[in-house]
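The structure under discussion appears below in the form of structure tokens.
Numbers here simply count residues along the sequence, with the first being 1.
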Amino acid sequence: MKRYKLDVVDVIELKEHYIGETKEVVVDTVILNEDGSEFYRGMTAVRFNRHGIFPQVDTLKGIFEDKNSFMDFASYLKRYIKQQVRYL
């Protein structure tokens with residue numbers, strides 16, 4: 001089981017997005033293996049608006065080889081941002 005360390009770096013309001021009040025959150029992401037060694041370090045993005053929270057797949061591509069790990073991380077990222085939404 002991998003461990004995740006996430007930190008919000010920036011919040012950008014997308015003015016030209018077709019859904020009003022859409023924001024994109026840039027997240028500094030560190031993924032650690034079970035033994036504590038670094039698996040991945042980089043930036044990922046998540047968009048949110050009144051309809052929901054949507055991890056940006058183009059920023060997540062290439063991190064994981066299998067679909068289950070990808071989906072686990074995407075759902076973890078959504079839960080993390082859901083807790084932060086009222087402050088962003």
Side-chain angles (χ1 to χ4, degrees):
M1 182 86 176
K2 298 198 182 316
R3 293 186 336 202
Y4 311 114
K5 293 184 179 182
L6 306 175
D7 187 32
V8 173
V9 175
D10 196 11
V11 179
I12 304 163
E13 188 164 348
L14 303 175
K15 303 239 185 239
E16 287 115 26
H17 199 270
Y18 63 95
I19 299 174
E21 299 177 14
T22 298
K23 294 182 181 179
E24 184 166 299
V25 180
V26 179
V27 180
D28 181 33
T29 305
V30 178
I31 301 173
L32 303 172
N33 289 316
E34 293 175 9
D35 62 358
S37 63
E38 194 172 286
F39 175 76
Y40 173 81
R41 178 180 295 267
M43 298 290 180
T44 55
V46 180
R47 285 188 184 166
F48 71 92
N49 54 38
R50 64 181 175 263
H51 298 293
I53 300 168
F54 311 98
Q56 297 302 293
V57 176
D58 57 337
T59 63
L60 303 177
K61 281 189 211 175
I63 297 175
F64 299 101
E65 295 176 6
D66 62 304
K67 185 177 179 181
N68 288 336
S69 297
F70 177 85
M71 295 305 291
D72 286 343
F73 177 65
S75 74
Y76 184 86
L77 194 56
K78 282 177 73 169
R79 283 193 312 265
Y80 176 76
I81 294 300
K82 186 175 184 177
Q83 296 171 358
Q84 306 292 325
V85 164
R86 73 179 84 159
Y87 306 110
L88 301 175

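- Leu32 and Tyr76 sit in two unconnected hydrophobic clusters of ILVMFWY residues. Membership requires side-chain heavy atoms under 4.5 Å apart, directly or through other members.
- Contact between Phe73 and Leu6 at its shortest, heavy atoms only, is CE1-CD2, 4.2 Å.
- When all heavy atoms of Leu60 and Pro55 are compared, the pair lying nearest together is CD1-CB, 3.9 Å.
- A distance of 9.0 Å separates CG in Asp7 from CE in Met43, rounded to the nearest 0.5 Å.
- Here the CG atom belonging to Leu14 is positioned 5.0 Å from the CZ atom belonging to Arg47, to the nearest 0.5 angstrom.
- One distance of note links CD of Glu21 with NZ of Lys15; it measures 10.5 Å at 0.5 Å rounding.
- From Met71, atom CE reaches atom CG of Asp66 across 11.5 Å, with rounding to the nearest 0.5 Å.
- Ile63 contributes atom CD1, which lies 5.0 Å from atom CD1 of Ile31 (distance to the nearest 0.5 angstrom).
- The cluster map of Ile, Leu, Val, Met, Phe, Trp and Tyr, joined by side-chain heavy atoms under 4.5 Å apart, puts Phe39 and Leu77 in the same cluster.
- The nearest pair of heavy atoms linking Leu88 to Lys23 is O-NZ, 3.2 Å.
- Asn49 contributes a side-chain N or O that, together with a main-chain N or O of His51, makes up a donor-acceptor pair within less than 3.5 Å.
- When the shell of 6.0 Å around CD of Glu13 is examined, it contains more than 12 heavy atoms from other residues, nucleotides or ligands.
- Pairing each heavy atom of Gly20 with each of Arg50, the nearest pair is O-NH1, 3.6 Å.
- Put simply, Val30 and Val26 are part of two different groups of oily side chains (I, L, V, M, F, W, Y) that touch within less than 4.5 Å, one to the next.
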Residues Thr59, Thr29; criterion side-chain contact (heavy atoms from CB on, under 4.5 Å); working and verdict
CA-CA 11 Å; Thr59 63; Thr29 305; over 6 Å; no
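- By the neighbour-count criterion of 12 heavy atoms within 6.0 Å, atom NZ of Lys2 is densely surrounded, having more than that number from other residues, nucleotides or ligands.
- Taken together through direct or relayed side-chain contacts under 4.5 Å among Ile, Leu, Val, Met, Phe, Trp and Tyr, Val9 and Tyr87 form parts of separate hydrophobic clusters.
- When the side chains of ILVMFWY residues are joined at heavy-atom separations under 4.5 Å, either directly or via intervening members, Phe54 and Phe64 end up in two distinct hydrophobic clusters.
- Residue Glu34 qualifies as open at atom CD: its count of foreign heavy atoms under 6.0 Å is 12 or below.
- Note that the OH atom of Tyr4 and the OH atom of Tyr40 stand 13.0 Å from one another [nearest 0.5 Å].
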